[in-house]
Number of protein chains: 2
Amino acid sequence: MSPGRPRARRGEGAALRDEILTAARDLLAETGSEEAVSVRAVADRVGVSTPAIYLHFADKDALLAEVCNQVFAALDAAMEAAAASAEDPMDSLRQRGLAYVQFAVANPEHYRLVMMRRPIDVESIGPSDAMLAEGAFAHLLAAIRRCQEAGLIRADEEPFGLGLVLWAAAHGIASLLIAKPGLPWEHAGDVITRTIDSIGCGLMLTSLYPDYQGALSSLSSSAPPAKQAAER
Amino acid sequence: MSPGRPRARRGEGAALRDEILTAARDLLAETGSEEAVSVRAVADRVGVSTPAIYLHFADKDALLAEVCNQVFAALDAAMEAAAASAEDPMDSLRQRGLAYVQFAVANPEHYRLVMMRRPIDVESIGPSDAMLAEGAFAHLLAAIRRCQEAGLIRADEEPFGLGLVLWAAAHGIASLLIAKPGLPWEHAGDVITRTIDSIGCGLMLTSLYPDYQGALSSLSSSAPPAKQAAER
DNA sequence: TGTACATCAGTGAACGCGCGTTCACTGATGTAC
DNA sequence: TGTACATCAGTGAACGCGCGTTCACTGATGTAC
């Protein structure tokens, strides 16, 4: 910190705030460890003394909360970009799922921060109201509604419930990839597409056919001879 | 620690080891926070001085590793018990999934410890070799094979890949419930069964019908009029 | 145009805290002779 | 049967560390008169 960075001009103190947030994000990415993101480490990386952080954030939690908001925004942007190239409403859900997992794998410690942490405030914390109200989840719900309007999912289904199902499915793969990198993920791509296909087509089936068991077994009567293959 | 617990007899020092493990598990459950499980806190709860822990465990990591093993064993036991009452091989998978999520919700901090932690050792750690070799995952693979033998899933599918899909699906719900308790989970049960049904029947469909898209649309031609419902 | 002064954007040093771990020790228990 | 002694199962005090946060301060920047 010997030479240090130049002191900001009168009205430009807020510029440091952005640098602090960027430093925190970079530290997460480079160290791959939330513990490495201490107030001291962030200040050091910016080239500023430790107490300077407190000129811009009330405390460490406030700093991390703002990082969370930025990560959620980036996740949303990634999913929207992927969905833009979708061919139809159902493919839009699929592309979102793929983009979700890819984002998590590309930014594991960021993902861990926003989706795998113990909630600080057990009561009040929805999953960051911003995410629900205008973020990635809201966009997912809109995509589900478009599927309903296209007749691909029953219109009397509650989009919120379906959204949770899809979110949980994508989150399952993403967080398992992050928490258990030692698993033999050679065919991780297969697991992802397989899950998405299963969930997607299972969703359509159970949604279009309340009696999906019957539909399935009527299909099974003309199914390929899986049993014989098993008996080889 | 003033009166303390009686000192163990000559050959009985190992009894303290079990008490330490139990104390660590109880602390996790009661505080709901891994940070609360310090070597000091564990020793205090057992009624023993802090260095006494080191007579039975090389360091804190070794202690936590043993707790992990116990939690994995308990998870396996819960799933096996649930599967015992299954009606058929497919229902066995379903019961395992339900039991998995129930275990996680009932023991959130234990689940977090074994399934949501950053891996200590990035390289060597498989997901605890014990789990893969003889634990819950191995039992899941066996259950999948029984489905294949019954002709419910194609025999030429790789059970390991399907196992990952199912594990990820259950883990998705479990870890989302734990990490985001603030979400409106009023119908958590619906999300669970909905996911299990979707995955299960999607798995059967995509597995029995490589051309599941065709099968789905042939079904769709005789589908209930979802489109009209959407147009009301 | 010059100067006193308020304010803004920081700094350096220190606070108390809890942590994992180590060290030198103690005292009861059992065993060898 | 008695006693010296090795060992086992611990204890008490202390180590250094990094953490979040606070306090009193400094010095450049702009403004009022």
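Below, chains carry the letters A, B, ... as their sequence lines are ordered, and counting in each starts from 1. Only heavy atoms go into these numbers, but all of them, side chains included; no hydrogens, no water, no symmetry mates.
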Just list the side-chain donor-acceptor pairs under 3.5 Å for residues 72-81 of chain B, sequence neighbours left out, or say none.
residue	atom	partner	partner atom	Å
B/Asp76	OD1	B/His139	ND1	2.8
B/Asp76	OD2	B/His139	ND1	3.3
B/Glu80	OE2	B/Arg96	NH1	2.5

*Would you mind reading off the distance between B/Ile53 atom CD1 and D/dG12 atom C1', rounded to a whole angstrom?*
15 Å
*If you check every side-chain atom of A/His56, which of C/dG10, D/dG10, C/dT11 has the closest atom?*
C/dG10
*C/dG10 C1' sits how many Å from A/Phe57 CZ, rounded?*
16 Å
*Rounded interatomic separation in angstrom, taking CD from A/Glu34 and P from D/dG18*: 19 Å
*May I have the distance from A/Glu19 (atom CD) to C/dG10 (atom C1'), rounded to whole angstrom?*
14 Å
*Salt-bridge test for A/Glu149 and A/Arg146: reply yes if a basic N is under 4.0 Å from a carboxylate O, no otherwise.*
no
*Non-neighbouring partners of A/Tyr111 that pass ring-ring contact (aromatic ring centres under 6.0 Å, His included), sequence neighbours left out*: A/Tyr100, A/His171
*Treat primed atoms plus P, OP1 and OP2 as sugar-phosphate and everything else as base, then score nucleotides 20-27 of chain D 5' to 3': B for base contact with protein heavy atoms under 4.0 Å, S for sugar-phosphate contact only, - for none.*
BBBB---B
_Distance, nearest 0.5 Å, that separates CD of A/Gln148 from CG of A/Leu162_ = 6.5 Å
*Would you kindly give the CG-to-P distance between B/Leu27 and C/dC19, to the nearest whole Å?*
11 Å
*asked:* Please determine whether salt bridge (Lys or Arg N to Asp or Glu O under 4.0 Å) holds for the pair A/Arg118 and B/Glu34, giving the CA-CA distance in whole Å, both sets of side-chain angles, and the decisive distance to 0.1 Å.
replied: CA-CA 10 Å; A/Arg118 201 185 340 273; B/Glu34 191 190 323; 5.7 Å; no
*asked:* If a pair means Watson-Crick or G-U wobble with both distances below 3.5 Å, what does DNA chain C look like in dot-bracket form, with | marking bases paired to a different strand?
replied: .||||||||||||||||||||||||||||||||
*Return the set of residues passing side chain to side chain donor-acceptor pair (under 3.5 Å) with B/Gln70 (not counting sequence neighbours), or none when no residue passes.*
B/Arg25
*Spacing between B/Leu55 atom CG and D/dC8 atom C1', to the nearest angstrom*: 10 Å
*Is the count of non-hydrogen atoms from other residues, nucleotides or ligands lying under 6.0 Å from B/Glu87 atom CD greater than 12?*
no
*Restricting to pairs with a member in residues 181-202 of chain A, which pass salt bridge (Lys or Arg N to Asp or Glu O under 4.0 Å), not counting sequence neighbours?*
A/Arg94-A/Asp197, A/Arg194-B/Glu157
